[in-house]
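In what follows, chains carry the letters A, B, and so on, assigned in the order in which the sequence lines appear, proteins first and then strands, with residues in each chain numbered from 1.
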Amino acid sequence: MLDIRFVREHTDKIFDALGKRAQKTDILDKFLEIENKRRELLKFVEELRQQRNSLSQDIGRLKKQGGDASAIMSEAKSVSDQITTKEETLRELETGALQELLLIPNIPHESVPHGKDETGNVEVRTWGEKPQFTFEPRNHWDIGESLGILDFERAGKIAGARFAILKGAGAKLERALINFMLNLHTKDHGYTEIFPPILVNRQSMTGTGQLPKFEEDLFKLADERGFYLIPTAEVPVTNIHREEILDEDALPIFYTAYTPCFRREAGSYGKDTRGLIRQHQFNKVELVKFVKPEDSYNELEALTGNAEEVLKRLGLPYRVVSLCTGDMGFSSAKTYDLEVWFPAQGKYREISSCSNFEDFQARRASIRFKRKGGKGTEFVHTLNGSGLAVGRTFAAILENFQQEDGSVIIPDALRHFVGTDKIVL
RNA sequence: GGAGAGGUGGCCGAGUCGGUCGAAGGCAGCCGCCUGCUAAGCGGUUGUGGGGGUAACACCUCACCCAGGGUUCGAAUCCCUGCCUCUCCGCCA
């Protein structure tokens, strides 16, 4: 969420940002209309309240002196009735204005390339050598199924499409990846490990920006408490400090968390229907930072580097892409995607998305800090990135390190965790 | 699942039969003074958000004592609902 005052006073900038994001600008007009009415009425209601307060005080004073207050009391009653009526309208305007405000996306940082869709994204750098094969490289699902470590068919029986069973060395490889990533981030990159709730409430989803706009992407439990399954650890981990005022000394805060993630994938019918790329349930190790505003862009570079380090240590070729204004997520001010090489598809696919939200999430979630000696509070800047999506890393390993005999070489960094250097038929 | 207790400002903690309560007191913090230094001491000060206002302060005002409703001229104080915490019993991993 943007600052309500900022939106009001810098309409041109919001208008501009919406344009860059290739979005309609009518929400802005709608917001302004409601917001102006809201302020007008608010002023009026506050004046009435002031009147009521002073009358009530008079009544109190008079009664203490044993006087007759009935005349003032009836006057106060009529003021009070007026307030009740107006307050109802005011409440409607308030929720209306907030609703619109929550639908306005973040303003892209000036360094973000302009573009209307993914074709406008800019490759920042590449790393690693794409493997050369003397044979036709196979898809990871073929490799996995023939090795007996992936079973999509039975997963379909148990749950449905877009689920997988990992078995034997496959399950072990998945677990190895999680351990490897968490160890790297906690030991070498200074993150504190978190294991958060995987069901969260509506407020948390709103805090990080999944709601109200992206309800259809989420799994919601039928339970009357209205729990949602998290689509990413970003949600519970960022919300750890929701409605808190942090000490300046406490910043920066770095958290890493492994969690399963759950996504409806509504509207992606026909996309990546096979394999591990797009599942309803997948594992991810997430990186989350809470930092001071002046540090957030440096921290974004560092965080992206932390995610890249995973790929480097695994020896997986990748590239870093700066998402353009039209392709960036709703809450983000700047995003780098890490894309890993998939030989069978002959292209790079997203494996991590690292974003600086500036104060967009912090304002929604009310995560603030106080500077030493300074007056008032400021919103922190929040960042997060996958470090990495485990399922996609799994798939990339199968594809990049496949051998002609159908076996798969395990990267050095994982051998200690998997207990073998090769998965064989 | 059954029975009780409770949720007040950064923390601790008081709030009488509802009436200048945004809230006593203490701690912590900040600013002075004092002290050879430190400690102690003395005086003052310190919540958050919204609206108005200002070049910027100042200032004015409204709201907030877990959340949401209700009663009332007026609620931290009374009533209802929800959430959370704690204790005891039962049950289960």
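In this structure, Asn53(A) reaches the sugar-phosphate backbone alone: every heavy-atom distance under 4.0 Å involves primed, P, OP1 or OP2 atoms, never a base. Residue contacts for Arg61(A): at a heavy-atom cut-off of 4.0 Å it reaches no nucleic acid atom on any strand shown. If you check every strand for non-hydrogen atoms under 4.0 Å, Ser74(A) touches nothing.
In the set G19(B), G50(B), U20(B), the nucleotide with an atom closest to the side chain of Arg38(A) is G50(B).
Ion pairing between a basic and an acidic side chain is recognised when a charged N comes within 4.0 Å of a carboxylate O; Arg313(A) and Glu309(A) show such pairing. Electrostatic pairing of Asp81(A) and Lys77(A) counts as a salt bridge here, judged by a charged N lying under 4.0 Å from a carboxylate O. No salt bridge links Glu339(A) with Arg349(A); every basic N to acidic carboxylate O contact stays at or beyond 4.0 Å. Residues Glu87(A) and Arg49(A) are paired through a salt bridge, judged by an N-O separation under 4.0 Å between the basic side chain and the carboxylate. Look at Lys292(A) and Glu248(A) and you find a salt bridge, because one of the NZ, NE, NH1 or NH2 atoms lies within 4.0 Å of a carboxylate O, short of that distance. The existence of a salt bridge linking Glu378(A) and Arg371(A) is confirmed by a sub-4.0 Å separation between a basic side-chain nitrogen and an acidic carboxylate oxygen. For the pair Arg8(A) and Glu35(A), the salt-bridge criterion is met [side-chain N within less than 4.0 Å of a carboxylate O]. In summary, Arg415(A) and Asp412(A) engage in a salt bridge, as defined by a charged side-chain N under 4.0 Å from a carboxylate O.
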Which pairs, protein N/O on one side and nucleotides 6-9 of chain B N/O on the other, fall under 3.5 Å?
none

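The separation of G44(B) from G26(B), taken at their P atoms, amounts to 11 Å, rounded to a whole angstrom. Comparing the same atom, P, in G13(B) and in G7(B) gives a spacing of 10 Å after rounding to whole Å. Between U77(B) and U38(B), the two C1' atoms lie 46 Å apart (nearest whole Å). Across C17(B) and C78(B), the matching P atoms stand 10 Å from one another, rounded to whole Å. Taking atom P in both U35(B) and C27(B), one finds a spacing of 24 Å when rounded to whole Å. With C1' as the reference atom, C65(B) and A24(B) are 14 Å apart, rounded to whole Å. The gap from the P atom of G15(B) to that of G25(B) amounts to 15 Å, rounded to the nearest Å. One P atom belongs to G22(B), the other to A63(B), and the distance between them is 9 Å to the nearest Å.
With RNA chain B read from its 5' end, the first of the two nearest nucleotides for Ile72(A) and Arg5(A) is the one closest to Arg5(A). Comparing Leu55(A) and Ile245(A) by the nucleotide of RNA chain B whose heavy atom lies nearest to each, the residue mapping closer to the 5' end is Ile245(A).
Residues passing the side chain to side chain contact (heavy atoms under 4.5 Å, CB included) test with Phe195(A), sequence neighbours excluded: Ile198(A), Tyr258(A). The side chain to side chain contact (heavy atoms under 4.5 Å, CB included) test applied to Lys37(A) returns Glu33(A), Leu93(A), not counting sequence neighbours.
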Per-pair distances, 0.1 Å, donor-acceptor, side chain in residues 150-164 of chain A, under 3.5 Å, sequence neighbours excluded:
unit_1: Asp151(A); atom_1: OD1; unit_2: Glu153(A); atom_2: N; d: 3.2
unit_1: Asp151(A); atom_1: OD1; unit_2: Arg154(A); atom_2: N; d: 2.9
unit_1: Asp151(A); atom_1: OD2; unit_2: Arg154(A); atom_2: NH1; d: 2.8
unit_1: Arg162(A); atom_1: NH1; unit_2: Lys271(A); atom_2: O; d: 3.3
unit_1: Arg162(A); atom_1: NH1; unit_2: Asp272(A); atom_2: O; d: 3.1
unit_1: Arg162(A); atom_1: NH1; unit_2: Arg278(A); atom_2: O; d: 3.1
unit_1: Arg162(A); atom_1: NH2; unit_2: Ser268(A); atom_2: O; d: 2.9
unit_1: Arg162(A); atom_1: NH2; unit_2: Lys271(A); atom_2: O; d: 3.0

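Counting heavy atoms of neighbouring residues, nucleotides and ligands inside a 6.0 Å radius, atom CD of Glu294(A) exceeds 12 of them.
The stretch residues 42-51 of chain A comes close to RNA chain B through Leu42(A), Glu46(A), Arg49(A), Gln50(A), each having a heavy atom under 4.0 Å from the strand. RNA chain B lies under 4.0 Å from at least one heavy atom of each of the following residues of residues 76-92 of chain A: Ala76(A), Lys77(A), Ser80(A), Arg91(A).
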